[in-house]
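Read the structure below first, then the notes.
Hydrogens, waters and symmetry mates are skipped; everything else that's a heavy atom, side chains included, is used. The shown structure was predicted, so the numbers you read here are calculated from the model rather than taken from an experiment.
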Amino acid sequence: MQSFSLSFSASPTNVTDQLALLAFKNLITNTNNVMATNWTTNTSVCNWIGVTCSPERQRVRALELPNLNLQGTISSSIANLSFLVMLNLANNYFRGNLPYGLGHLSRLRVIDVHNNQLEGDIPQSLFQNPRLETISLSHNRFTGDLWREPWNLPELRILNLTSNNLTGSIHPSIGNISMLERLILDHNSLSGNIPKEIGNLSHVIELDLSNNRLIGSIPPAIFNISSLRVLYLTNNSLSGFLSLNVENHQLNLEAIDLSSNQLTGEIPSSLCQFQELRFLYLSRNNFTGQIPRDIGFLSKLERLYLTTNEITGTIPPSLGNISSLQFIGCVENRIGGEIPQGLGNLLHLKMLGFDYNNVTGEIPPAIFNISSLVYIAFTANRLSGHIPASAGLQLPNLEGIFLADNQLSGEFPMAITNASKLIELELSYNFFTGSVPTNLGNLRQLQFLNLAGNNPLNGILPDSVGNLSSSLEMFNIENGQINGHIPRGIGNLSSIISMVLNGNNLSGNIPSEVGKIKQLQRLYLSRNELQGSLPEDLCHLIEVGEILLSENELSGFIQTA
């Protein structure tokens with residue numbers, strides 16, 4: 001019995017593995033006793049935590065120690081585990097180099113060391129191991145050029161090198177990895193062109209080359225890969241026309257992100273054939289022409305972002321047919337015409353953004369009945385007409401309304417104060433009339449309030465202003481012909497940074513409570529009818545901020561230390 005025990009613990013078939021793992025352990029610190037009490041010569045390596053052996057030979061086939069806060073370097077002895085199939089050391093704090101010999105392990109299928117602090121070059125041997133199926137080295141500090149020679153990885157399914165400091169170009173032979181399903185190289189410093197051979201990856205599902213320094217055009221063949229679901233090329237220097245030849249191809253793309261490049265020409269109407277598409281991001285390019293008229297064919301689209309381009313034309317009415325739409329962002333273009341009535345039918349819409357365009361006409365009243373709406377933004381357009389008196393009654397999720405610099409008129413929409421989650425209310429420089437709502441204080445989460453330039457807004461500044469959110473940072477009702485006194489309760493706005501009440505008809509004293517707002521950096525009260533002496537506590541604005549009090553009937557002066 002004793003001889004059997006000795007034979008098992010020191011078996012010649014696994015003594016090499018035991019020595020290799022003990023050498024690996026000796027370079028690890030902060031093991032939280034996970035390995036210290038278990039990885040000993042008193043038991044077989046096959047019983048060690050994180051170790052799996054092949055049942056027939058009792059040789060180590062898997063080493064899996066993820067998420068254990070392990071620190072230290074990876075011993076080169078680990079390359080002596082000649083039967084190793086899987087290595088998983090993800091989500092630890094390993095530093096130093098990845099042992100070169102790992103790439104020579106002929107049985108290795110999976111190497112996963114993502115989210116560590118490994119550095120130096122990626123061993124070239126990894127790119128020449130024909131048995132590897134997964135290489136996951138993301139979120140480390142690897143440097144040097146991506147493998148420059150032909151890649152020999154016929155079984156590879158996953159290559160994830162995201163968030164390192166890799167340079168160089170992508171070798172055309174990457175198109176020979178016929179089984180590849182996920183090619184993820186984002187957040188590096190890769191340069192050169194996207195090789196057209198990538199279009200040969202007939203099994204690829206996810207292709208992410210974003211946040212690099214790639215140049216040239218996007219190979220049209222990429223869009224013909226029937227297996228492709230996700231295409232991310234954002235934040236490169238890609239240029240040229242977006243050319244799609246998608247006839248007679250099965251199209252399954254669900255997400256396309258080409259934003260932050262230098263693409264030109266019109267948005268091709270053939271994009272509307274990708275009927276599985278859920279996310280389309282084309283912002284921050286140089287696209288011209290119109291939004292495709294047939295965009296309504298994208299019946300599953302949830303997010304459409306076309307911000308900061310040179311797009312002209314009008315908003316396609318067919319957008320209103322996409323019932324799944326949640327986000328529309330078309331800020332900073334040259335889009336004109338009226339807002340289609342059908343947009344009011346988008347009952348799942350959360351964001352409607354057309355700031356800085358040339359949109360005209362009225363906002364369809366139905367838009368203010370979309371209960372899911374979080375943001376509505378049409379700043380700096382040419383909108384006219386009224387906001388419905390009921391606006392706010394059906395907007396329980398509204399957090400921001402941005403309609404500044406338009407030609408909107410009519411009574412101030414009093415019901416907007418029922419939008420209790422409102423954080424930003426920006427209605428400045430329109431032609432609203434009427435009074436500031438007496439129940440303005442209902443907006444307990446408001447941080448930015450700007451009603452400037454609506455002359456005559458008239459009415460008084462209600463006492464309920466003091467009930468606004470203690471996190472309110474900006475309060476601006478300049479040039480509104482507001483009269484009456486500044487409410488003392490305004491001193492409750494402890495986080496306010498900017499208070500602008502220039503050009504009104506305010507009278508009476510400046511409440512001493514205003515001077516006690518320690519965060520206040522900007523106080524503009526010029527061109528009113530204020531009287532009395534100045535609160536001494538306002539002296540801090542002379543030292544750290546701005547104060548404008550001209551054209552009033554104030555007396556005294558602010559004493560400074």
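L65 and L89 make their closest contact through CB-CD2, 4.1 Å (heavy atoms, listed as atom of the first residue, atom of the second, distance). For the pair F431 and N454, the tightest heavy-atom approach, listed with the atom from each and the gap, is N-OD1, 3.4 Å. Nearest heavy-atom pair, E411 versus F432, reported as atom, atom and distance to 0.1 Å: O-CD2, 4.1 Å. In plain terms, the two heavy atoms of L132 and V110 that are nearest each other are CD2-N, 4.2 Å. Closest approach of P172 and P195 over heavy atoms only: CA-CB, 3.9 Å. In terms of heavy atoms, T314 sits closest to G337 at CG2-CA, 3.8 Å.
Between the side chain of N439 and the backbone N or O of P437 there is no donor-acceptor pair closer than 3.5 Å. Between the side chain of T307 and the main chain of V331, a donor-acceptor pair closer than 3.5 Å is present. N381 contributes a side-chain N or O that, together with a main-chain N or O of T379, makes up a donor-acceptor pair within less than 3.5 Å. Of the possible polar contacts, none joining the S210 side chain to the Y232 backbone as a donor-acceptor pair under 3.5 Å is found. Put simply, the side chain of N406 gets close to the backbone of F378: a donor and an acceptor are under 3.5 Å apart. Within the 3.5 Å criterion, the main-chain N or O of N152 finds no donor-acceptor partner in the side chain of N176. A distance-only check finds no donor-acceptor pair linking the side chain of D186 to the backbone of N212 [under 3.5 Å]. The main-chain N or O of L472 is never found under 3.5 Å from a side-chain atom of S495 such that the two would form a donor-acceptor pair. Looking only at distances, a side-chain donor or acceptor of N188 sits under 3.5 Å from a matching main-chain atom of L161. The backbone N or O of S202 lies less than 3.5 Å from no partner atom in the side chain of N200, so there is not a single donor-acceptor pair.
For the atom pair CG (L277) and CG (L251), the distance works out to 10.0 Å, reported to the nearest 0.5 Å. Between K300 atom NZ and I322 atom CD1 the span is 13.0 Å, to the nearest 0.5 Å. To the nearest 0.5 Å, atom CG of residue L271 and atom CD1 of residue I295 are 8.5 Å apart. Atom CG in N357 sits 9.0 Å away from atom CD1 in I311 (nearest 0.5 Å). A distance of 12.0 Å separates CD of Q407 from CD of E362, quoted to the nearest 0.5 Å. Distance check, rounded to the nearest 0.5 Å: CZ of R278 to CG of L301 gives 10.0 Å.
Among L209, N193, I194, the single residue meeting the side-chain contact (heavy atoms from CB on, under 4.5 Å) criterion with I170 is L209. Among the candidates L451, I496, N450, V500, the single residue satisfying the side-chain contact (heavy atoms from CB on, under 4.5 Å) test with F475 is I496.
More than 12 heavy atoms of other shown residues, nucleotides or ligands fall within 6.0 angstrom of atom OH in Y100. The environment of CZ in F297 is sparse: at most 12 heavy-atom neighbours from other residues, nucleotides or ligands sit within 6.0 Å. Within 6.0 Å of atom CZ in R293, more than 12 heavy atoms from other residues, nucleotides or ligands are found, so the atom counts as buried in its surroundings.
Remark: the N285 side chain and the N309 side chain contain no N/O donor-acceptor pair separated by less than 3.5 Å. Side chain to side chain, N115 and N91 meet the donor-acceptor criterion of an N or O pair below 3.5 Å. For S259 and T234, the side-chain atoms include at least one donor-acceptor pair closer than 3.5 Å. Between the side chains of R213 and S191, no donor N or O sits under 3.5 Å from an acceptor N or O. With no hydrogens or angles considered, a side-chain donor-acceptor pair links E332 and T308 at under 3.5 Å. When only modelled atom types and interatomic distance are considered, E473 and S471 share no side-chain donor-acceptor pair under 3.5 Å. Between the side chains of T162 and N160, no donor-acceptor pair is found at a separation under 3.5 Å.
Between Q290 and E266, the closest side-chain pair of non-hydrogen atoms is not below 4.5 Å. V85 has its side chain out of reach of L108: every pair of non-hydrogen atoms, C-beta onward, lies at least 4.5 Å apart. Counting heavy atoms from C-beta outward, L146 and L190 have side chains that approach closer than 4.5 Å. Contact of the L118 side chain with the I74 side chain is registered, since non-hydrogen atoms from C-beta on lie closer than 4.5 Å.
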* To do: Could you go through the salt bridge (charged side-chain N to carboxylate O under 4.0 Å, His left out) check for K421 and E399 one step at a time?
  => CA-CA 5 Å; K421 292 184 179 179; E399 295 181 10; over 6 Å; no
* Would E546 and Y524 count as a side chain to side chain donor-acceptor pair (under 3.5 Å) if you check the C-alpha gap in whole Å, the side-chain angles of each, and the deciding distance to 0.1 Å? -> CA-CA 8 Å; E546 302 176 56; Y524 293 172; 2.7 Å; yes
* Checking side chain to side chain donor-acceptor pair (under 3.5 Å) for the pair D145/T167: CA distance, chi angles, key distance, verdict? -> CA-CA 5 Å; D145 283 357; T167 55; 2.6 Å; yes
* Asked: Does the pair T143 and N165 meet the rule for a side chain to side chain donor-acceptor pair (under 3.5 Å), with working shown?
  -> CA-CA 5 Å; T143 55; N165 299 303; over 6 Å; no
* Under the side chain to side chain donor-acceptor pair (under 3.5 Å) rule, what do H114 and N116 come out as? Steps first, then yes or no, please. => CA-CA 6 Å; H114 79 269; N116 278 280; over 6 Å; no
* To do: Begin from the C-alpha positions of R334 and E310 and carry the test salt bridge (charged side-chain N to carboxylate O under 4.0 Å, His left out) through to its verdict.
  => CA-CA 6 Å; R334 300 179 182 179; E310 300 292 331; 2.9 Å; yes
* To do: Show the numbers, then the answer: is there a side chain to side chain contact (heavy atoms under 4.5 Å, CB included) between L449 and L440?
  => CA-CA 10 Å; L449 173 65; L440 193 64; 3.8 Å; yes
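Under the 30°/60° scheme for interplanar angles, the aromatic rings of F127 and W151 are found to be tilted.
The pair E119-R95 does not count as a salt bridge, with every side-chain nitrogen at least 4.0 angstrom from each carboxylate oxygen. With respect to R131 and E155, no salt bridge is recorded, no charged nitrogen being found less than 4.0 Å from a carboxylate O. The pair R229-E206 does not meet the salt-bridge criterion, since no charged nitrogen lies less than 4.0 angstrom from a carboxylate oxygen.
Both tests pass for R303 against the ring of F327: distance under 6.0 Å to the centre and angle within 45° of the axis.
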